[in-house]
Amino acid sequence: MGFAQRHLLGIEHLRPEEITEILDLADQYVELNRRDVKHSDTLAGLTQINMFFENSTRTQASFELAGKRLGADVMNMAMQASSIKKGETLIDTALTLNAMHPDLLVVRHPHSGAVDLLAQKVNCAVLNAGDGRHEHPTQALLDALTIRRAKGRLHRLNIAICGDIAHSRVARSNLILLGKMENRVRLVGPPTLMPSQISEFGVEVYEDMAEGLQDVDVVMMLRLQRERMDGGFIPSEREYYHRYGLDADKLSNAKDDAIVMHPGPMNRGVEIDGTIADDINRSVIQEQVEMGVAVRMAAMDLLARNQRAHRATQTAEI
Ligand code: ASP
C-alpha cells in the first residue's frame, strides 16, 4: 500500500514506507529545483492557503515556493493581523476559509493539537507547519532527506539531538521519524531542557556534550526556544554556550565524517559556533533549506493525489 494519508499532521501517523515514498519523490523534486526552469503543473488549478498564526520565515517561504513551483494558486493569510485579533475562533476562521474551497491548507499554530482540530473541520488536505511543541513533520522529513543524501542511508545511524529538547517540536518529530527508520537516537542537553516523558521514547540521554557526541554520525543542534520558556531554564547564555554550544572541540568527539544540522533560526554563539555552522565540510544547514522545498513539494503532491482519489469515490457514490 502506498502513501495513504489525507493530511500531514504528524510523523506519528506515518508508516516507514510512507516516509520513504515522500523522500523518494522529494529526490525527484530536488532535480527539478536545480533546473533553470523550475516548474511543473502537478498542482495546477488547485488552491493552497498558508495560515501562519506564529511567525515564520523559512517554513512559510518554503511552502509558498513549493506550491508555486507545482503550479498551485498560493495565498498567504497574515493571521497576526486577521480577525483572530477581533475575537474569531480558530474553527470559525477555518470554516470561513473552507467555504473558499481551498485544496491544501498549510497551518502553523502556537498550540499543540490545534492543527489536528482544524483538520477535522475542513474538507481539504491539511499540512501541519508546526503546532506548539507537538510536531513539525515537514522539518523532520527534510532532515531525513538531508541525512539520507549525505550518509547514503537512513537506518542504523547514531544521531545526537542536542539542546532545548523540551520545547522543540522539531526534536519530537525527528525522534519519532528516526526511531521508525531504526536509528539510534541520543538526546544531549541539561536536565532542565529534557521533556518529562522522555522514557517513552526509548532513547539514551546525556548531560555531557563530549560523551553524548562520542562517535555519532549526525549532530543535530536546536535553538533555545525562549518564547516557550516561562522561567530560568539555563543559568546564562554564556554558560550555556560553554557547556552545550557546538564548537570544534566538542565536535571532535563525533565521527570524522559526522554532519552538523540545525533547523534554523540559528543563534550563533549560543547553541552553535559560527565557524562550524559555515564549515561546508561539516555543516549541511543550507542543504536542509534546499531539501525543505523539495519535501514540501512531494508532500503536497501526494496529498493532492489522495484528495483527487477521495473526491472521485465520493462522486461515484452519489
Ligand atoms: N523553525 C523551527 C520551528 O518552527 C525551529 C525553531 O524555531 O527553533 O520549530
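Only a predicted model underlies this, so the values are computations on that prediction, with no experimental measurement involved. The figures that follow rest on heavy atoms only: side chains count, while hydrogens, waters and symmetry mates do not. In what follows, residues are counted from 1 in the order of the sequence shown. Whatever order the structure lists them in is the order used to number ligands and atoms, beginning at 1.
Listed by atom number, the atoms of ligand 1 under 4.0 Å from Pro265 heavy atoms are 1 (N), 6 (C), 7 (O). For ligand 1, the atoms sitting less than 4.0 Å from at least one non-hydrogen atom of Arg108 are 4 (O), numbered in the order shown with element in parentheses. Residue contact check: Val170 has heavy atoms under 4.0 Å from atoms 2 (C), 5 (C), 9 (O) of ligand 1. With ligand atoms numbered from 1 in the order given, ligand 1 contributes 6 (C), 7 (O), 8 (O) to contacts under 4.0 Å with heavy atoms of Arg223.
Side-chain contact, Thr146 with Gln288: no donor N or O sits under 3.5 Å from an acceptor N or O. Defined by atom type and a distance below 3.5 Å, a donor-acceptor pair is missing between the side-chain atoms of Gln5 and Asn306. Donor-acceptor pairing under 3.5 Å is recorded for the side chains of Thr138 and Arg296.
A cation-pi arrangement is not found for Arg108 relative to Phe52, the charged atom failing to lie both closer than 6.0 Å to the ring centre and inside a 45° cone about the ring normal.
Checking Asp24, Leu157, Asp143 one by one against Arg148, the side-chain contact (heavy atoms from CB on, under 4.5 Å) holds for a single residue, Asp24.
The proximity of Gln139 to ligand 1, defined as any non-hydrogen pair under 4.0 Å, does not occur for either the backbone or the side chain.
Closest protein heavy atom to atom 5 (C) of ligand 1: Gly264 O, 3.3 Å. Given atom 9 (O) of ligand 1, the protein heavy atom at minimum distance is Arg169 NE, 2.9 Å.
By the 4.0 Å N-to-carboxylate-O rule, Asp27 lies close enough to Arg149 to be salt-bridged with it.
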